[in-house]
Each structure stands twice: as C-alpha cells, then as structure tokens.
There are 2 protein chains.
Amino acid sequence: MSSSDLRKAGLKATLPRMRILQLLEENSQRHMSAEDVYRALLEAGEEVGIATIYRVLTQFESAGLITRHNFDGGHAVYEIDQGDHHDHMVCTRCGKVTEFFDETIEKRQHAIASQYGYDMTDHSLYIFGICPDCQKAQAERRR
Amino acid sequence: MSSSDLRKAGLKATLPRMRILQLLEENSQRHMSAEDVYRALLEAGEEVGIATIYRVLTQFESAGLITRHNFDGGHAVYEIDQGDHHDHMVCTRCGKVTEFFDETIEKRQHAIASQYGYDMTDHSLYIFGICPDCQKAQAERRR
DNA sequence: ATGTATGCAAAACATTTGCACCTGG
DNA sequence: CCAGGTGCAAATGTTTTGCATACAT
C-alpha cells in the first residue's frame, strides 16, 4: 500500500500524493510528464491542481521515490524508482522508451569519473534512434 | 573564415550569423546557452535580438555546425561541432563541463541498440558529479 | 530587385511561487 | 488543533512567433 511508502519518505499521506504515486506505479507507459499525470487524474475524475502535481513530483524525486529525466529540452518525465538502475533508449519517431542495463558501460563510467578526479553523483545515458516498429512502418510506406 | 562555412551550410552569410559562429568558435567556455551568447554579443557592442540568437542556433544545429545539449531541464547549451564526438561530465556545483571519449562505451552503445533492433541516430551520455576543484573547496570549508 | 533574415514585442510553454483556505494525524 | 498541504492565479524563465523593416546576393 502506498500510504506507508509515503510516510516512510517523511511525507503526509494526502489524497493527491497517493493518487499520483499510484498512477506512476500502475501506469504501463512508465514515463510521464507533469502534464501527463495531470490529464490522467482529470480523466479519472480527480480534482488536482497542476501546481500540486509539480510540487509532489519534486518531493517524490527528492525522497528518491521517482526519477526525473530530460529526454528533450521541452519537458521533464518521471518514472517510479524500483531500485533497479537502468538507462534509456528513446525512439525519435514514436517516443517509445526502452530500458536497458549494461554492466560494462556502468563500470567504464565510474572509471572515467575517477580518472578525472570527479566524485560521481549521477549519470544519464540516452540512446536515440528508430525503434523496430517505426522502421517497419517506414519500410511499408516506401512500397 | 566563417562566411564560407555558412554558405557551405546553405545559409546566407549575415552579420549576426557570422558573429554567433565566431563566438562559438573562439569562446573558451565552449558550452553556451542562448542567453550566454546574447550577453556576450551585447558586451562586445553588437546589436542582436534574442530571437535571432534562438533562430540562428536552431539553424546551426540543423546544419550540423553545432550540437545542442540539455544538461538540465532549464535551458539548452550549444557547442561547436568540430567533428570529434565526445561525451560530457558536468560538475553539479560549479557547472564546469569536462569532455571525454571512451571507445568501450561507444561500442557497447552500438551493440545494445542493434540488440534491441533500434536504428541508432544519436546518443547522449552525461556523468554528473563534483569536480576536483569543488571537492577541494568543500574540504577547506569544513576545516 | 526580391526573397530571406532581423528586431521588436507579444505569445506560448513549462514550471514555480504567494497566499488564503483546507486536511491529515 | 495546527503544521503542513492544496488550489488558484499570478509570476518566472525560456523559447517561439507574427509582422514590418532591413539586408545579402
């Protein structure tokens, strides 16, 4: 149950917070912008202000419950943090996001940071490309 | 000379464009936001509108003359593309940017993309951390 | 000349903030 | 009850756009 997760993070278990956390947990899309969350809640008939969404998402991020990504400059997207670190591959056609993890890359990143004397706190790796589905669609259009 | 570079890219060699390109070529900082460019030109006594800066930077990016980065969500920064691909390490304290290149990581990225059937068009890797200088400063403050 | 580029100001977004009211513990 | 949370609307910061004027070729 999410209300205990919230209290564990030192946050009061309010209605908006529970709704937002629940949404991020259940959503199959997995990567949602503040606007996405807002619209999803509206459609579900929930009354939440957009300001609250931003505030809550920021708090969740600080609490380590979710992770923020800046795939493009336009807007941030958030995803539930389920303990497993992974990187992202983003389809530039349809926006689909695929997650992956590569031990070799992780190791090299740490090695490079320490080589330059950096105290590494975080890293982000995005591979941009065209996903198999969009390649197929493109091939058919060409026929 | 930059005017020929511009024409090669299919862009008229106008004064603002030459100034902006020159600035990006010469600037030691190497990673500038639109606002940075704007202020630098004002200080140099040049009359350029901020809208032109944005338009020109976007055109330069499309033309492949410069590369755009979204280190954080706030604002984009641009750097001259001198043919050598590299990734970035960003100090979260002072904002300093260190460039690096790692063959192993590059290879793994391609391997992963093709493993998932993606046609990779681009990728971005940022390592965030605290640079040696800021670590030192922090240690002194603690004394 | 003439199509393109620029400057200005207004618009468009994404996100943040001040403040009065409401709510969870 | 009361500290903290929320909603609203206004403010912010960045980037984009409409339009009349200026410029490169």
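So you know, we letter chains A, B, ... as the sequences are listed, proteins then strands, and number each from 1. All heavy atoms count here, side chains included; hydrogens, waters and symmetry mates do not.
- Between B:Tyr38 atom OH and C:dC8 atom P there is a gap of 7 Å when expressed in whole angstrom units.
- Nearer the 5' end of DNA chain C, as judged by each residue's closest nucleotide, is the contact made by B:Arg17, out of A:Asn70 and B:Arg17.
- Over its length, the helix from C:dA1-D:dT25 to C:dG25-D:dC1 turns its helix axis by 30°, as judged from the five terminal pairs at each end, rounded to 10°.
- Look at B:Thr14 and you'll find a side-chain N or O under 4.0 angstrom from OP1 or OP2 of C:dT6.
- Nucleic acid contact class of B:Gly74 (heavy atoms, under 4.0 Å, all strands): sugar-phosphate only.
- Atom pair B:Gln59:CD and D:dT16:C1' shows a separation of 13 Å (rounding to whole Å applied).
- The closest side-chain heavy-atom distance from A:Glu99 to A:His31 is below 4.5 Å.
- Distance from the side chain of A:Pro16 is smallest for D:dT6 among the nucleotides C:dT15, D:dT6, C:dA9.
- The nearest whole Å value for the distance from the CZ atom in B:Arg7 to the P atom in D:dT25 is 5 Å.
- In the set D:dT14, C:dT16, C:dA5, C:dA5 carries the atom at the smallest distance from any side-chain atom of B:Lys12.
- Each of B:Ser33 and A:Gly49 was matched to the nucleotide of DNA chain D holding its nearest heavy atom; the match closer to the 5' end belongs to A:Gly49.
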* **Verdict with reasoning, A:Tyr126 to A:Phe71, per ring pair (Phe, Tyr, Trp, His ring centres under 6.0 Å)** => CA-CA 7 Å; A:Tyr126 304 128; A:Phe71 292 144; 4.9 Å; yes
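- Of the residues A:Glu47, A:Glu46, A:Glu25, the one that meets the salt bridge (charged side-chain N to carboxylate O under 4.0 Å, His left out) test with A:Arg19 is A:Glu46.
- Separating the CD1 atom of B:Ile50 from the P atom of C:dA11 is a distance of 19 Å, rounded to the nearest angstrom.
- Residues A:Leu15 and B:Thr52 each lie close to DNA chain D; by heavy-atom proximity, the contact nearer the 5' end of the strand is made by A:Leu15.
- Rounded to an integer number of Å, the gap from CG of A:Leu42 to P of D:dC8 is 10 Å.
- Taking 4.5 Å as the limit, every side-chain heavy atom of B:Arg17 sits out of range of all side-chain heavy atoms of B:Ile20.
- Distance A:Leu57 CG to C:dT16 C1': 13 Å, rounded to the nearest Å.
- A:Glu79 and A:Arg68 are not joined by a salt bridge, as no carboxylate oxygen comes within less than 4.0 angstrom of a charged side-chain nitrogen.
- Considering only side-chain atoms of B:Val48, the nucleotide from C:dG25, C:dG7, C:dT6 that sits closest is C:dG7.
- We find that CD1 of A:Ile53 is positioned 14 Å from C1' of C:dA14, with the value rounded to whole Å.
- Between C:dA9, D:dG7, C:dT15, one nucleotide has an atom nearer to the side chain of A:Arg68 than all others, and that is C:dT15.
- Regarding contacts with the backbone of D:dT15, a side-chain N or O of B:Tyr54 is found under 4.0 angstrom from either OP1 or OP2.
- Note on B:Glu47: only backbone sugar-phosphate atoms sit closer than 4.0 angstrom, heavy atoms only; bases stay farther off.
- Within a 6.0 Å radius of NE2 in A:His110, other residues, nucleotides and ligands contribute 12 heavy atoms or fewer.
- The base of D:dG7 sits within donor-acceptor range of the side chain of A:Arg55, with an N or O pair under 3.5 Å.
- Here the CD1 atom belonging to B:Ile105 is positioned 8.0 Å from the CG atom belonging to A:Leu125, to the nearest 0.5 angstrom.
- Looking at A:Asp133 and A:Lys96, a side-chain N of the basic residue comes within less than 4.0 Å of a carboxylate O on the acidic one, giving a salt bridge.
- The residue among B:Val56 and A:Ala76 whose nearest nucleotide of DNA chain C lies closer to the 5′ end is B:Val56.
- When the P atom of C:dT6 is taken as reference, atom CE of B:Met18 falls 12 Å away, rounded to whole Å.
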